[in-house]
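To keep things clear, I will list the structure first and then write my remarks on it.
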Amino acid sequence: MPELPEVETIKRGLGKLLPGKCIANVTFDNPKSFPNAPGDVAKFLVGAKIVKVKRRAKVLLIDLDSKYTLVIHLKMTGQLVYVRTRELSLKTEDRRRKTKYSVPTERWGGGHPSDSLTGKLPDKSTRVVFSFADGSKLFFNDQRKFGWVRLLPTDEVPNIDFFKKVGPEPLSSKFTSREFAARLQRRKNTNIKAAILDQSVIAGIGNIYADESLWGAKIHPASLVKNLSIQKLNKLYEEIRYVLRLSIAKGGSTDRNYIDATGKKGSYLSFAKVFRREGQDCPRCGTKIVKIRVAGRGTHICPKCQKA
DNA sequence: CACTTGACCTGTCCGC
DNA sequence: TGCGGACAGGTCAAGT
């Protein structure tokens, strides 16, 4: 579920919280969540200081001063939540003992309680825990275990298969409608929804923003790319950039379990036009929104605005 | 090579 | 109430 706006929101949150933090310890329960950790954790992770937090496509990158980078993919149910520990006052043995044994971490989540998912961490979905020298922690939670964390030398990150083939950032000022249309031609015999979900065509779009941008451009998701006019593709380009920007401004979409670095939900879905709105009226023409299946995904359309 | 489908997982929801 | 099955969706491997 985390698509570009959600990962961007997490990046911005962690970018304010993590730089300068020194990693004191890393624990993980599920080897698949951190495939190459065992040998490299001690050498290049513990003792390293966080330099910068970045994003490329739906991937989060945390640069360390050890010339290594944590590469994190949240896939569908991944979360990265930062928890500040209760400020310790170590004046007396009593207070130290009380703090140590009773309240390892304070309530997590920021903002208004109704905006956050409440609970204690770690929980049963916690796969990796990064502990920092100041006592704060970063939890990588992932209910379905599709996500992963990898530790790679920073200069090798661009060489992994995913980054070698991934398409341009849709919100980059260098990304033009002309380039968008040109890149779509590699998938000209498939449907437009599959084409924009293809990360090698354009980075960062997932099911939510595919449906929203196709509605905005009045394109049926099953339309073959080769049958779409250049005007339609230009409109789609504009809509993709519009919905991604709007969602970032709203802190992303919380469908089931997305939360940001401080535990807060995103509010984009309350602005969504069709996603998860089957049975409701199309905001443009009033026709009932229907849910169909395209490219193997649940797909939401207005059958009147988006003709096949 | 282009394209489609299934696998990877776990939790939730729906119908019987 | 319990239970089986469908479904959720990002990416990759394997299939056509």
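Residue numbers start from 1 in every chain, and the chains themselves are labelled A, B, ... in the order their sequence lines are given, proteins ahead of strands. Everything quoted here is computed from the prediction, not taken from an experiment. Hydrogens, waters and symmetry mates play no part in the numbers below; they use all other heavy atoms, side chains included.
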Check whether any side-chain nitrogen or oxygen of A:Arg297 sits under 4.0 Å from OP1 or OP2 of C:dG10, and answer yes or no.
yes
note: A:Phe162, atom CZ; C:dC12, atom P; distance rounded to Å ~ 6 Å
Are A:Asp65 and A:Lys49 within salt-bridge range, i.e. N to O under 4.0 Å?
no
Using a cut-off of 4.0 Å on non-hydrogen atoms, how would the nucleic acid contact of A:Gly296 be classed: base, sugar-phosphate, or nothing?
nothing
| said: Strictly below 4.0 Å: does A:Lys32 bring a side-chain N or O up to OP1 or OP2 of B:dC9? | reply: yes
Between CG of A:Asp29 and C1' of B:dC9 the distance, given in whole Å, is 14 Å
Would you say A:Lys75 reaches C:dC12's phosphate, i.e. side-chain N/O to OP1/OP2 under 4.0 Å? no
Rounded to whole Å, NE2 of A:His73 lies from C1' of C:dC12 at a distance of 11 Å
Atom OH of A:Tyr209 and atom P of C:dG10 are separated, to the nearest Å, by 10 Å
Rounded to whole Å, the CG-P distance (A:Asp142 to C:dA8) equals 19 Å
*Just checking, is any N or O donor in the side chain of A:Lys226 or A:Asn189 under 3.5 Å from an acceptor N or O on the other one?*
yes
Whole-Å distance, A:Lys145 NZ to B:dG11 C1', equals 13 Å
A:Phe139 and A:Tyr82 aromatic centres sub-6.0 Å: no
- Item | Ring centers of A:Tyr268, A:Tyr209 separated by less than 6.0 Å | yes
Between C:dC3 and B:dC9, how many Å separate the two P atoms, rounded to a whole number? 24 Å
On the nucleotide B:dA2, are OP1 or OP2 found under 4.0 Å from the side-chain N or O atoms that A:Asn189 carries?
no
Here the distance between atom P of B:dG6 and atom CZ of A:Arg293, to the nearest Å, is 10 Å
Q) Any side-chain N or O of A:Thr190 less than 4.0 Å from the OP1 or OP2 oxygen of B:dT4? A) yes
Residue pair A:Gln143/A:Lys165 against DNA chain C: nearer the 5' end by closest nucleotide is A:Gln143
**Prompt:** Under 4.0 Å between a side-chain N/O of A:Gln199 and OP1 or OP2 of C:dG10, yes or no?
**Reply:** no
Checklist entry - Stacking here means centres under 5.5 Å and planes under 30°; does A:Phe146 stack on B:dC9? => result no
So does A:Lys58 pair up with A:Glu3, basic N to acidic O under 4.0 Å? no
From NZ of A:Lys291 across to P of B:dC13 the rounded distance in Å is 13 Å
